[in-house]
Amino acid sequence: LPDNHQATGYLDTDLSLTGSLLKPKVEGYSVIRYGQYHNFHSNTHIKDLTASFRGEGSSLFLDELTATDNHSGKISAKGEWKFHYLSSLPFHASIFLENYTLFDKNNIFANCDGQLDLSGNLQKATLSGDLQLNNASMIIPEKFTSEKPSLNISFPQDFDLLKERSLAQSPPSAYPLTLDINTHSKKPFRVMGKGLRSQWSGHLNIRNSFDSPKAVGALKLHSGNFHFAGKSFLITDGNLNFHEGTENPQTIDVIAELIL
């Protein structure tokens with residue numbers, strides 16, 4: 001796994017793969033118990049993971065997967081992995097989320113319901129589906145740190161040789177995972193901080209690659225106010241638009257009034 005991912009658990013397996021490359025035969029079972037996963041980038045936790053796999057014909061079936069997050073969310077899944085070598089071992093899985101914590105880091109929190117479909121092969125994959133945000137909030141920090149850490153670095157005597165070897169090695173390419181996820185809010189989500197208190201709702205399509213996701217859609221202001229210079233401004237209208245393929249990917253249009 002990459003550096004920002006961590007997974008642990010117990011695996012009990014008795015699988016056999018026989019036959020030929022054109023006519024493989026999968027038999028046996030595999031069970032994962034007490035599984036845990038942590039994504040340090042989004043602070044996403046999965047715990048109490050249990051999964052059962054079954055080999056039949058030329059496929060390995062995911063009969064059941066269940067897990068929970070650090071709150072009250074649940075996740076389940078079913079799928080199939082076909083040992084068709086000419087098709088680069090295609091797979092498909094349906095993932096069901098119930099009040100699942102999607103993001104919980106850096107003053108941003110979001111949990112959701114919905115279904116995602118993961119399909120692909122050893123070469124590439126696509127994650128698509130629809131998610132409904134049940135509870136989401138973002139707190140803008142009052143201060144942003146600008147301090148840079150001071151590191152004491154010592155170089156070994158063979159540093160130049162190690163540097164040449166590192167440059168000569170091509171970095172491993174990331175697995176191409178394409179996103180196509182539609183999101184909409186069940187109720188207005190909160191954006192607060194720096195004198196702003198507001199509620200927004202709308203829909204966004206999360207697309208592009210997993211490493212460089214892009215949002216396309218629009219958010220509409222429900223209510224809000226902004227405190228500035230000792231005065232309170234009432235935000236009467238607002239739109240936040242996310243564009244694709246433009247020089248300004250995000251545009252905001254807000255109207256506020258001050259009653260004297």
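Please read these numbers as outputs of a predicted model, since none were measured by experiment. All residue numbers refer to positions in the sequence shown, counting from 1.
Although no hydrogens or angles enter the test, the distance criterion places a donor-acceptor pair under 3.5 Å between the side chain of Asp69 and the main chain of Thr101. Side chain of Ser198 to backbone of Val191: a donor-acceptor contact under 3.5 angstrom is found. At least one donor-acceptor pair closer than 3.5 Å links the side chain of Thr236 to the backbone N or O of Ile255. For the pair Ser20 (side chain) and Lys23 (backbone), a donor-acceptor distance under 3.5 Å is present.
Across every non-hydrogen atom of Leu133 and Ala110, the tightest pair is CD2-CB, 4.5 Å.
A continuous path of hydrophobic side-chain contacts links Trp200 to Met138 [ILVMFWY only; heavy atoms under 4.5 Å].
In this structure the side chain of Leu177 reaches within 4.5 angstrom of the side chain of Leu118, judged on heavy atoms. By the 4.5 Å heavy-atom criterion applied to side chains, Leu15 and Leu60 are counted as neighbours.
Applying the side-chain hydrogen bond (donor to acceptor under 3.5 Å, both in side chains) test to Asp180 and every residue at least two apart in sequence or in another chain returns Asn205. When the side-chain hydrogen bond (donor to acceptor under 3.5 Å, both in side chains) test is applied to Ser72, the partners found at least two apart in sequence or on another chain are Asn99.
The aromatic rings of His38 and His45 lie parallel to each other, with less than 30° between the two planes, well short of the 60° mark. In this pair, Trp81 and Phe83 present their aromatic rings tilted. The plane angle is within the 30 to 60° band. By the 30° and 60° cut-offs, the orientation of the rings of Tyr10 relative to Tyr34 is perpendicular.
Ring centroids of His71 and Phe109 are separated by less than 6.0 Å, placing the two rings close together.
A donor-acceptor contact closer than 3.5 angstrom links the side chains of His243 and Thr251. With no hydrogens or angles considered, a side-chain donor-acceptor pair links Glu80 and Ser59 at under 3.5 Å.
Every pair passing salt bridge (Lys or Arg N to Asp or Glu O under 4.0 Å) that includes a residue from residues 43-58 is listed here, sequence neighbours excluded: Arg54-Glu56, Arg54-Asp63.
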